[in-house]
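The block underneath contains the structure these notes are about, expressed in structure tokens.
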Amino acid sequence: AGAAADAGPVWVKGDLVVVTKANSHVKGEQAIVENPNWNKLVKIKMLTGSEVGAVKSYITTDLVAFVPEPKVASAEDGPTIEYVPLPKLVVEIKLGMGIDESTPMAKAVAEEMALVVRSR
């Protein structure tokens, strides 16, 4: 009686957790809940760290929910826009502006668009 109030989080099979037990060599590592009520412990399978795949058990308060950090786009992720192939883009601009392909303006537009597409 009363122990349930102090029991800590309630886990379900498949929850992703992080081990927080003090002095544990897997503290900070991620795991998946295999059995949330195994002999009054939570049975987990390690997903990261030196013991990937190992099955361990902890009291519920030695685990916290794993919440992935939102991914922030960076230049290394590549472009975030879809590029239109240059010939199609130039044709659409020419048609939209009523530009004759043989005029110096058409050549200037083509060169400018090639520069813009390459610089991204």
Distance from [X] atom [atom1] to [Y] atom [atom2], nearest 0.5 Å?
X     : Y     : atom1 : atom2 : answer
Ile32 : Asp15 : CD1   : CG    : 8.5 Å
Thr48 : Met46 : OG1   : CE    : 5.5 Å
Leu47 : Glu29 : CG    : CD    : 10.0 Å
Gln30 : Leu63 : CD    : CG    : 12.5 Å
Asn35 : Trp11 : CG    : CH2   : 14.5 Å
Lys40 : Ile59 : NZ    : CD1   : 13.0 Å

Listed by chain and number, what are the salt bridge (charged side-chain N to carboxylate O under 4.0 Å, His left out) partners of Glu51, not counting sequence neighbours?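 Partners of Glu51 by the salt bridge (charged side-chain N to carboxylate O under 4.0 Å, His left out) criterion, ordered by chain and then number, come out as Lys56.
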
For Lys43, give me all partners under salt bridge (charged side-chain N to carboxylate O under 4.0 Å, His left out), at least two apart in sequence or on another chain.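 Applying salt bridge (charged side-chain N to carboxylate O under 4.0 Å, His left out) to Lys43 gives none.
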
How close do Val42 and Pro36 get, heavy atom to heavy atom, and via which atoms?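 Residues Val42 and Pro36, closest heavy atoms: CG2-O, 3.7 Å.
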
Student check: side-chain heavy atoms of Leu41 and Tyr58 closer than 4.5 Å: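 Of all side-chain heavy-atom pairs linking Tyr58 with Leu41, none is under 4.5 Å.
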
Let's go through Val33 and Trp38 carefully: what are the C-alpha distance in whole Å and the side-chain angles of both, what is the deciding distance for side chain to side chain contact (heavy atoms under 4.5 Å, CB included) to 0.1 Å, and is it a yes or a no? CA-CA 11 Å; Val33 173; Trp38 184 74; over 6 Å; no

Hydrophobic cluster identity match, Val18 and Ile44, side-chain contacts under 4.5 Å: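 No: no chain of side-chain contacts under 4.5 Å links Val18 to Ile44.
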
Please check this pair: side chain of Thr20 against backbone of Asp62, looking for a donor-acceptor N/O pair closer than 3.5 Å.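 Present.
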
